[in-house]
Amino acid sequence: MDDRCLILFQNVHIVIKSEQLIRSKGFEYQIIPVPSNISSECGMCIEISTINSSEVCLLLDLKQINYHLYTK
Amino acid sequence: MRVIDCKGLICPMPLIETKKVIRESKIGDELLVEVDNETSFNNLSHFLNDNGLTFEHSKEGIIYRIKFIVKELQIKPQENKVDSKPLANHGNYIIVFSSNSMGSGDDDLGKLLMKGYINTIDQLETLPQEIICYNSGVTLATKGSDSGKSLKRIEGLGVKISVCGTCVDFFGLKDNLEVGTITNMLYIAGKLAGDSRIVKP
């Protein structure tokens, strides 16, 4: 499997919005619970391939979505 | 005393920052973390409690301050990728996806939760024997979809994936399934009436 990274968001509403955005542009992604080594209570995040991270970040930036990129 | 200024950072970044500083610190060092939201504060306090670190905290306006002394703790190592995990045991239970949404209330939220749930199954100590999908649950197995790929991975761990033929037909997915064996109502009814526990998220 290729290198993956996580995109973390402020709340679940932004996760849902961002998922729709990422899906609409055809990027491969997975919704996963925020791993317990990062947090046990911060809900869901989006896992993408590191190769796509700059493009996906640009997409989120354009929509002025606040997020944090977490590289494993 | 070292101050870790996490004001303006959203959860879980303050915890990530704090863990980083703890790793760089020596036993006996005194640290003060400042955060400006309750979620991050709760997150940090649970982490400290779980790791046996006693702390003092105060709140001033929206700023929470957490003070503690570094001692030996076990920060759990990064978890390995799921695909490097050995095959888990199979429990005597069947997961039924009767829709593509987990729980009821908000559909968007339910769909998101369902994806998170599916991506957690392969981390369970005991895997299900089988996953049965019907009604909009079959759409989770759609070719090229994120959930379809996840289900494919779970199938690779030895979990049988069965989908309702009538439902596949209804949603027009016959030639568009990533994973799953098409079954009929007799099969599904038999499974639901069998000895296995039924888990319906």
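On a predicted model such as this, the values are computed, not experimentally measured, just so you know. Each chain gets a letter, A, B and so on, in the order its sequence line appears, and its residues count up from 1.
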Seminar exercise, completed: Closest non-hydrogen atoms of Pro33(A) and Gly116(B), given as atom of the first, atom of the second and distance, are CD-O, 3.7 Å
Problem set entry | Interatomic distance, Leu8(A) atom CG to Ile10(B) atom CD1 [nearest 0.5 angstrom] | 7.5 Å
Exercise. Which residues, numbered in order, of residues 98-112 of chain B come under 4.5 angstrom of chain A by heavy-atom distance?
Worked result: Asp108(B), Leu109(B), Leu112(B)
Problem set entry | Test salt bridge (charged side-chain N to carboxylate O under 4.0 Å, His left out) applied to Glu155(B) - qualifying residues, sequence neighbours left out | none
For residues 25-37 of chain B, run the donor-acceptor check on the side chains, cut-off 3.5 Å, and write out each pair with its distance to 0.1 Å, sequence neighbours left out.
unit_1: Ser25(B); atom_1: OG; unit_2: Val21(B); atom_2: O; d: 2.6
unit_1: Asp29(B); atom_1: OD2; unit_2: Lys26(B); atom_2: N; d: 2.9
unit_1: Glu34(B); atom_1: OE1; unit_2: Lys7(B); atom_2: NZ; d: 2.7
unit_1: Glu34(B); atom_1: OE2; unit_2: Arg65(B); atom_2: NE; d: 2.8
unit_1: Asp36(B); atom_1: OD1; unit_2: Gly8(B); atom_2: N; d: 3.4
unit_1: Asp36(B); atom_1: OD2; unit_2: Gly8(B); atom_2: N; d: 2.8
unit_1: Asn37(B); atom_1: OD1; unit_2: Ser40(B); atom_2: N; d: 2.9
unit_1: Asn37(B); atom_1: OD1; unit_2: Ser40(B); atom_2: OG; d: 2.8
unit_1: Asn37(B); atom_1: ND2; unit_2: Leu9(B); atom_2: O; d: 3.2
unit_1: Asn37(B); atom_1: ND2; unit_2: Ser40(B); atom_2: OG; d: 3.3

Exercise. With chain B, which of Asn66(A), Ile16(A), Ile32(A), Val12(A) has the greatest number of heavy-atom pairs at distances under 4.5 Å?
Worked result: Ile16(A)
Seminar exercise, completed: Applying side-chain contact (heavy atoms from CB on, under 4.5 Å) to His57(B) and not counting sequence neighbours gives Phe41(B), Phe55(B), Ile66(B)
Exercise. Chain A heavy atoms under 4.5 Å from Thr120(B): which part of the residue, side chain, backbone, both or neither?
Worked result: side chain
Problem set entry | Flag if over 12 foreign heavy atoms under 6.0 Å of CD1, Ile51(A) | no
Seminar exercise, completed: Rounding to 0.5 Å, atoms CD (Gln30(A)) and CG (Asp146(B)) come to a distance of 5.0 Å
For this session: Kindly check if the number of other-residue, nucleotide or ligand heavy atoms within 6.0 Å of NZ (Lys17(A)) is above 12?
Result: no
Exercise. Is chain B contacted by the side chain of Glu28(A), its backbone, both, or neither, given a heavy-atom distance below 4.5 Å?
Worked result: side chain
For this session: Verify the neighbour count for atom CD of Glu24(B): are there more than 12 heavy atoms of other residues, nucleotides or ligands below 6.0 Å?
Result: yes
For this session: Could you check which of Arg23(A), His13(A), Glu19(A) has the highest count of heavy-atom pairs closer than 4.5 Å to chain B?
Result: Glu19(A)
Exercise. Are side-chain heavy atoms of Tyr29(A) and Lys115(B) found at a separation under 4.5 Å?
Worked result: yes
